[in-house]
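Computed from heavy atoms alone, side chains included, the values below leave out hydrogens, waters and symmetry copies.
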Amino acid sequence: SQFTEAQKKAADVDANGAVNAVDASYVLAEYASTSTNHAPSFAEEQAAAADVNKDGAVNAVDASYILSYYAYNSTGTGDKKSFEDYMKQN
């Protein structure tokens, strides 16, 4: 799969090398779909990247964490934390 290497980075659902609002949008779309009894559409690697709080579910909580990190990265100054380090502190 095209996602295998890039998605070692948590939250990068579309495997483009960046964690941003697009990733959160994909998570919300997947959550909306599965919440209405549709089969999951994410590949295994996408689901692993999307489940950022590692609770076994891809849902709005994951999207919220992704958006929070994106806002932190977009507005903060100084050193930027990795998504993993950001999650450890939040």
Side-chain angles (χ1 to χ4, degrees):
S1 145
Q2 67 176 343
F3 296 100
T4 304
E5 276 306 308
Q7 287 197 325
K8 289 181 180 175
K9 182 175 182 181
D12 186 12
V13 179
D14 61 4
N16 71 347
V19 175
N20 55 37
V22 174
D23 298 298
S25 178
Y26 283 131
V27 170
L28 286 174
E30 179 75 351
Y31 175 56
S33 179
T34 58
S35 294
T36 55
N37 298 319
H38 291 91
S41 64
F42 278 178
E44 185 177 333
E45 296 90 351
Q46 285 177 290
D51 181 17
V52 298
N53 64 351
K54 305 302 178 204
D55 67 353
V58 173
N59 56 37
V61 174
D62 299 303
S64 178
Y65 280 125
I66 293 169
L67 283 175
S68 294
Y69 176 74
Y70 176 58
Y72 155 80
N73 235 9
S74 297
T75 60
T77 57
D79 292 336
K80 303 292 187 206
K81 295 180 182 126
S82 69
F83 185 82
E84 293 81 357
D85 287 343
Y86 178 82
M87 286 296 291
K88 287 176 190 171
Q89 294 186 322
N90 292 291

Residue set satisfying side chain to side chain donor-acceptor pair (under 3.5 Å) with Lys80, at least two apart, ordered chain then number -> none

By side chain to side chain donor-acceptor pair (under 3.5 Å), Thr36 pairs with (sequence neighbours left out) His38

**Item:** More than 12 heavy atoms from other groups under 6.0 Å of CZ on Phe83
**Value:** yes

Hits for side chain to side chain contact (heavy atoms under 4.5 Å, CB included) against Ser82, two or more places apart or cross-chain, chain-then-number order -> Glu84, Asp85

With a 4.5 Å cut-off on side-chain heavy-atom distances among I, L, V, M, F, W and Y, is there a chain of contacts connecting Val58 to Met87? yes

Hits for side chain to side chain contact (heavy atoms under 4.5 Å, CB included) against Ala18, two or more places apart or cross-chain, chain-then-number order -> Asn16, Asn20

Close side-chain approach of Asn73 to Val19, heavy-atom, < 4.5 Å | no

(request) For the pair Asp62 (side chain) and Asp51 (backbone), establish whether a donor and an acceptor sit closer than 3.5 Å, ignoring hydrogens and angles. (result) no

With sequence neighbours left out, the residues meeting ring pair (Phe, Tyr, Trp, His ring centres under 6.0 Å) with Tyr65 are none

One should read off an interatomic distance between Tyr72 OH and Lys81 NZ, to the nearest 0.5 angstrom, of 4.5 Å

Side chain to side chain contact (heavy atoms under 4.5 Å, CB included) filter on Ala71, not counting sequence neighbours, yields none

Assigning hydrophobic clusters by single linkage (Ile, Leu, Val, Met, Phe, Trp, Tyr; side-chain heavy-atom cutoff under 4.5 Å), is Val52 placed with Leu28?
no

task = Check the surroundings of atom CZ in Phe42: do more than 12 heavy atoms from other residues, nucleotides or ligands lie under 6.0 Å from it?
result = yes

Contacts of Ser41 meeting side chain to side chain donor-acceptor pair (under 3.5 Å) (sequence neighbours excluded), chain-then-number -> Glu30

Ala24 meets the side chain to side chain contact (heavy atoms under 4.5 Å, CB included) criterion, sequence neighbours left out, with Ala63, Ile66, Leu67

